[in-house]
Amino acid sequence: MARAGRVCALALDAVRGIIAPGVSTKEIERFVHDLIRENGGRPAFLGYRGYPASICASVNDQVVHGIPSERKLREGDIISVDLGVDYKGYFGDAAVTFAVGEVSPAVQKLMRVTEESLELGIRQAVAGGRLSDISHAIQAHAEANGFSVVRSFVGHGIGRALHEEPQVPNFGPPGKGPRLQKGMALAIEPMVNAGGWKVRILEDGWTAVTEDGSLSAHYEHTVIVDEGQPAVLTRL
Ligand code: MF3
Ligand code: CO
């Protein structure tokens with residue numbers, strides 16, 4: 001899993017270098033697909049429940065599961081790139097939201113608060129705690145900053161499959177759910193909207209967008225619970 005996570009991290013770090021106005025989301029798809037293969041991995045999303053690509057490329061009001069296309073990024077857009085790697089049967093999963101060129105301070109705040117929410121959730125992924133301590137930390141920080149957390153997509157256990165038990169919601173009261181144990185592997189992935197939390201799915205059957213058209217950000221890490229702070233496998 002450490003190798004799988006490292007390939008996720010390498011891929012997202014490399015994507016940072018190619019994000020620019022005029023680049024299509026399909027170009028990012030090809031770049032990531034090739035990079036994962038060159039590093040000995042298999043793109044875990046490709047073919048998963050019929051998903052047609054190696055990455056999810058979700059632009060602006062797209063929350064998650066944006067399918068790569070000929071759409072070209074424009075100055076001021078934000079794009080969430082989510083990817084998974086299967087390395088010899090072990091999985092990693094990670095996502096980052098990138099700014100395309102310059103974005104407004106309000107948009108920068110949405111990105112920063114979403115990433116901070118992920119970090120605060122990770123800080124709760126400690127043996128002896130409860131699963132929903134992670135959920136609550138994420139929700140509290142996002143809402144304290146005037147944003148909302150998406151309800152219909154959640155984080156998840158991960159390991160020999162991309163999605164395993166338990167689900168890891170990004171909302172809820174603390175102190176509920178299974179007790180966290182050393183060695184549990186979790187993908188924690190807040191999706192935070194600038195407006196309301198509701199989403200709808202486009203006609204392609206995949207792309208989730210905010211119902212009110214507001215912007216959405218998404219950050220994800222794969223972590224291993226430990227007695228102290230968790231190991232974050234998808235950080236370089
Ligand atoms: N956002 C999902 C996750 O990180 C990715 C779904 S995989 C897909 O768990 F293949 F269905 F896109
Ligand atoms: Co995930």
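Because the structure is predicted, anything quoted here is derived from the model rather than measured. In listed order, ligands and their atoms are each counted from 1.
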Subject >> Criterion salt bridge (charged side-chain N to carboxylate O under 4.0 Å, His left out) on E116 and R112, from CA distance to verdict >> reply: CA-CA 6 Å; E116 287 169 354; R112 173 176 58 77; 3.1 Å; yes

Original post:
Between the Co ion (ligand 2) and H156, is there an N, O or S atom separated by less than 2.8 Å?
Top reply: yes

Original post:
Is D82 close enough that one of its N/O/S atoms sits under 2.8 Å from the Co ion (ligand 2)?
Top reply: no

Within-cut-off N or O pair, [X] and ligand 1, under 3.5 Å:
X	answer
H163	yes
E189	yes
H218	no

For [X], counting its heavy atoms only, list the atoms of ligand 1 lying under 4.0 Å from any of them.
X	value
V64	1 (N)
C56	12 (F)
D93	3 (C), 4 (O), 9 (O)
H65	1 (N), 2 (C), 5 (C), 6 (C), 12 (F)

Subject >> Lys NZ or Arg CZ of R3 over Y90 ring: under 6.0 Å, within 45° >> reply: no

Return the name of the atom in [X], of element N, O or S, nearest to the Co ion (ligand 2).
X	result
E220	OE2
D93	OD2
E189	OE2

**OP:** To the nearest 0.5 Å, tell me how far I138 CD1 sits from R123 CZ.
**Re:** 12.5 Å

Original post:
Nearest 0.5 Å, what's the CG-CZ distance between N60 and R71?
Top reply: 6.0 Å

**OP:** Indicate whether the side chain of E189 and that of H218 have a donor and an acceptor atom separated by less than 3.5 Å.
**Re:** yes

**OP:** Check each heavy atom of F153 against ligand 1 and say whether those closer than 4.0 Å belong to the side chain, the backbone, both or neither.
**Re:** neither

**OP:** Decide whether the shortest distance between a heavy atom of R49 and an atom of ligand 1 is less than 4.0 Å.
**Re:** no

